[in-house]
Participant: 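If you scroll down you'll find the structure; I have some questions about it.
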Amino acid sequence: MSMIRDQNDAIMVPYPQYPLYSGAIDLLGGHLQEYYMDEDKGWSVTREHLEQQINAAKAKGKTLRAIVLINPGNPTGSILSLESLKDILGLAHEHGLVVIADEVYR
């Protein structure tokens, strides 16, 4: 998390999530930009939603530095589809974001 320089640096974190990331970002003075996992669709996320969250952060004057990928999800236990993984990794590449892959529960 040393990529947080000040309150204008944002990290994208899935919601729901175990509060480790939100707490660390707050402690280090950064901005938490959540992206929401859709329970009705098996806790997946769409490219369109990720783009909306990226644009929302930019509209607040935030510099996105990283995206957290938790797979399987905690607390949901869900496993991301190949399509969701490709969307997350593709957007990370396009926007120059560091990917923080949390796969501790595998």
Side-chain angles (χ1 to χ4, degrees):
M1 293 288 191
S2 64
M3 66 195 72
I4 297 173
R5 299 168 295 189
D6 59 35
Q7 71 276 4
N8 292 317
D9 285 337
I11 309 294
M12 291 182 68
V13 179
Y15 182 85
Q17 52 97 11
Y18 183 76
L20 171 67
Y21 294 100
S22 53
I25 293 166
D26 186 55
L27 181 67
L28 296 169
H31 175 77
L32 173 69
Q33 183 67 42
E34 293 177 322
Y35 63 94
Y36 299 92
M37 308 305 291
D38 189 339
E39 182 178 9
D40 293 334
K41 295 180 181 174
W43 298 107
S44 65
V45 65
T46 64
R47 183 178 185 90
E48 178 182 55
H49 174 69
L50 292 168
E51 287 281 9
Q52 289 171 347
Q53 296 309 103
I54 288 168
N55 291 334
K58 289 180 179 180
K60 296 176 200 170
K62 304 301 178 185
T63 302
L64 285 169
R65 307 274 290 158
I67 185 166
V68 175
L69 172 65
I70 303 173
N71 192 39
N74 181 9
T76 65
S78 63
I79 296 177
L80 290 169
S81 68
L82 181 58
E83 183 178 349
S84 288
L85 288 170
K86 286 180 178 180
D87 286 343
I88 293 167
L89 296 174
L91 282 170
H93 177 74
E94 289 170 25
H95 293 275
L97 303 176
V98 170
V99 175
I100 301 171
D102 182 341
E103 298 179 326
V104 72
Y105 300 104
R106 282 204 164 219

Participant: So which pairs with a foot in residues 46-57 pass side chain to side chain donor-acceptor pair (under 3.5 Å), sequence neighbours left out?
Facilitator: Arg47-Glu94

Participant: Test of understanding: with side-chain contact (heavy atoms from CB on, under 4.5 Å), list the residues that count as partners of Asp38, not counting sequence neighbours.
Facilitator: Asp40, Lys41

Participant: Tell me the salt bridge (charged side-chain N to carboxylate O under 4.0 Å, His left out) pairs involving residues 54-80, sequence neighbours left out?
Facilitator: Asp9-Arg65

Participant: Taking Asn71 for its side chain and Leu80 for its backbone only, find out whether a donor-acceptor pair lies under 3.5 Å.
Facilitator: yes

Participant: Do Val68 and Gln17 make a side-chain contact, defined as non-hydrogen atoms from C-beta onward lying under 4.5 Å apart?
Facilitator: no

Participant: Can you find a heavy atom in the side chain of Tyr21 that is under 4.5 Å from one in the side chain of Asp102?
Facilitator: yes

Participant: Who are the side chain to side chain donor-acceptor pair (under 3.5 Å) partners of Ser81, not counting sequence neighbours?
Facilitator: Ser84

Participant: Does a side chain donor of either Tyr35 or Gln33 reach within less than 3.5 Å of an acceptor in the other side chain?
Facilitator: no

Participant: Could you list all the ring-ring contact (aromatic ring centres under 6.0 Å, His included) pairs where at least one residue sits in residues 60-97, not counting sequence neighbours?
Facilitator: none

Participant: Hydrophobic clusters here meaning ILVMFWY residues chained together by side-chain heavy-atom distances under 4.5 Å, can you tell me if Leu97 and Leu85 are in one?
Facilitator: yes

Participant: Could you tell me whether the side chain of Ile100 reaches within less than 4.5 Å of the side chain of Val13, counting heavy atoms only?
Facilitator: no

Participant: With clusters defined by side-chain heavy atoms of hydrophobic residues (ILVMFWY) lying less than 4.5 Å apart, directly or transitively, does Leu32 cluster with Val98?
Facilitator: yes

Participant: State which residues pass side chain to side chain donor-acceptor pair (under 3.5 Å) with Ser44; sequence neighbours excluded, sorted by chain then number.
Facilitator: none

